[in-house]
Amino acid sequence: MRPDTPAENVDHTAEAARLERTAGLYPEDAETLLLRAAAHLELSGDRPAATALYDRLLSSAEGLDNPALVRALKASNLWEYGHEAEARAIIEGIRTTSPRDPAPWVIVAEALESHDELEAAADTFTEAARLLLGSVEEPPPATHPVLYGRHRVRRMLGLPHDDWDTLADTLHTSSVTLDELHDPKRVWSLGSDNPAELEAEISRLRAELGAYREALSRPFPVAVLHWPAPELSELLSAYPTLSAEYPSHAEHLSTIESSLRELSASGTPNLGIVTGTVPSYEAFAASEGTSPSDATLLPQYATTLAARGRAVAWPPAKGTGCWCGAGEAYAACHGV
């Protein structure tokens, strides 16, 4: 269940409880699962319980994959139920540490924007753009919300377009331009008595909502299972019958790339790669009551890893490392 599902269609409290139970079963995925649980608690109106989950993650003995994201979500949530001073302190801390992930920047900037701190929001978006895009030829998709948010806030402030605003316009693919979507005067047209104006504004809102829901949506990708060389060696040593599936590690990597290219050519969207480990696979087999040597279990294992948020999008963004872990850029490795 996606956290942005309307409250009338889902029991957010029950969904949060289910995700917490799942996190107990899969502690290696607790960070992802508990963040989704906290989102459901926020939507249910129980913001203090959501803060408790964020605190639980931040105080965990296990290292977090993205502590800045957890802090940013906590700050945004705190501000919504009256803890402005603490939220501001966390936001300032995030800006000081300069995380390399765009998500924390977007969250804290939007928190400032939603509380009419437009100048501070614009400064935060600009700071993120300088840090994340200063030496990048082509902005990765994950950084697009930084540019879109910056464009929106600057439009509300009445500032003239600059190079990054023009870049945001170029990256935006909706039928309605960013300038129209971010026009401060649009709110006035909602009070118009002219049916044509109202219909035009409804079309713009639908386009904006569609883009927003697409950004929020994280559907499970069609994922292909990848075994790093040491893991594959351990797997085949323990379960020799699986060597029919994996004649060699080089052939395994080649099969992954060719399978994904075939799926892409057939029009299959949202492709990804999940990386397996032998202990995780054995635990999954035990939970299914099946022997790990059963080859039919492998695609089910891949699907389960994807459902737990372990998939990495394919193909990798331009200029990033190859999915195989060889340390080379994708374009010079399996992307050739």
Side-chain angles (χ1 to χ4, degrees), residues 22 25-29 31-33 65-66 101 136-142 214 217-336:
T22 306
L25 296 173
Y26 302 103
E28 69 274 20
D29 297 328
E31 183 174 349
T32 300
L33 294 168
D65 291 334
N66 197 339
D101 176 24
V136 175
E137 293 181 7
E138 182 178 333
E214 183 181 354
S217 177
R218 296 294 182 268
F220 300 148
V222 176
V224 177
L225 182 59
H226 163 232
W227 296 98
E231 294 291 338
L232 184 60
S233 177
E234 182 181 345
L235 179 75
L236 297 181
S237 295
Y239 310 104
T241 56
L242 292 180
S243 56
E245 298 289 323
Y246 306 113
S248 70
H249 188 251
E251 187 169 337
H252 167 52
L253 298 182
S254 178
T255 300
I256 291 174
E257 182 69 24
S258 61
S259 298
L260 288 166
R261 292 191 184 202
E262 287 176 11
L263 287 168
S264 178
S266 69
T268 305
N270 201 24
L271 299 173
I273 296 174
V274 290
T275 299
T277 65
V278 175
S280 169
Y281 178 60
E282 290 174 334
F284 175 73
S287 70
E288 294 292 313
T290 307
S291 168
S293 61
D294 183 359
T296 62
L297 198 64
L298 295 168
Q300 299 176 47
Y301 175 54
T303 301
T304 301
L305 289 178
R308 285 158 51 191
R310 310 295 287 184
V312 175
W314 180 94
K318 184 178 180 180
T320 58
C322 187
W323 54 263
C324 71
E328 296 184 61
Y330 173 68
C333 191
H334 283 90
V336 172

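Nothing fancy with the numbering, it's 1 onward along the sequence. Values in this document were obtained by computation on a predicted structure and should not be read as measured data.
Taking 4.5 Å as the limit, every side-chain heavy atom of I256 sits out of range of all side-chain heavy atoms of W314. Side-chain contact check for L225 versus L305: some heavy-atom pair is nearer than 4.5 Å. The side-chain heavy atoms of L298 and Y246, taken from C-beta on, include a pair separated by under 4.5 Å.
Put simply, the side chain of S243 gets close to the backbone of P240: a donor and an acceptor are under 3.5 Å apart. At least one donor-acceptor pair closer than 3.5 Å links the side chain of T303 to the backbone N or O of P299. Between the side chain of E31 and the backbone N or O of D65, at least one donor-acceptor pair lies under 3.5 Å.
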(request) Report the C-alpha separation of F284 and T304 in whole Å, then their side-chain angles, then the decisive distance to 0.1 Å, and conclude whether the side chain to side chain contact (heavy atoms under 4.5 Å, CB included) test is met. (result) CA-CA 9 Å; F284 175 73; T304 301; 3.2 Å; yes
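Pairing each heavy atom of S254 with each of H334, the nearest pair is N-NE2, 4.5 Å. Among all heavy-atom pairs drawn from S291 and L297, the shortest one is O-CD2, 4.1 Å. Shown here for C333 and A326, the closest heavy-atom pair between the two residues is SG-CB, 4.4 Å. The minimum heavy-atom distance between E245 and A295, with the atom names listed, is OE2-CB, 3.7 Å. Between A302 and A223, the closest heavy-atom pair is CB-O, 4.1 Å.
How far CG of L242 is from OG of S237: 11.5 Å, rounded to the nearest 0.5 Å. Atom OG of S264 and atom CG of N270 lie 11.5 Å apart (nearest 0.5 Å). Rounding to the nearest 0.5 Å gives a distance of 9.5 Å between CG of L33 and OH of Y26. Interatomic distance, NE2 of H252 versus CD of E257, reported as 12.5 Å (0.5 Å rounding). For the atom pair L236 CG and S293 OG, the distance stands at 12.0 Å (nearest 0.5 Å).
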Show me the donor-acceptor pairs, under 3.5 Å and distance only, between side chains in residues 273-283 and residues at least two apart or in other chains.
residue	atom	partner	partner atom	Å
T275	OG1	H226	ND1	3.4
T277	OG1	S280	N	3.3
S280	OG	Y301	OH	3.0
Y281	OH	P292	O	2.7
E282	OE2	Y239	OH	2.6

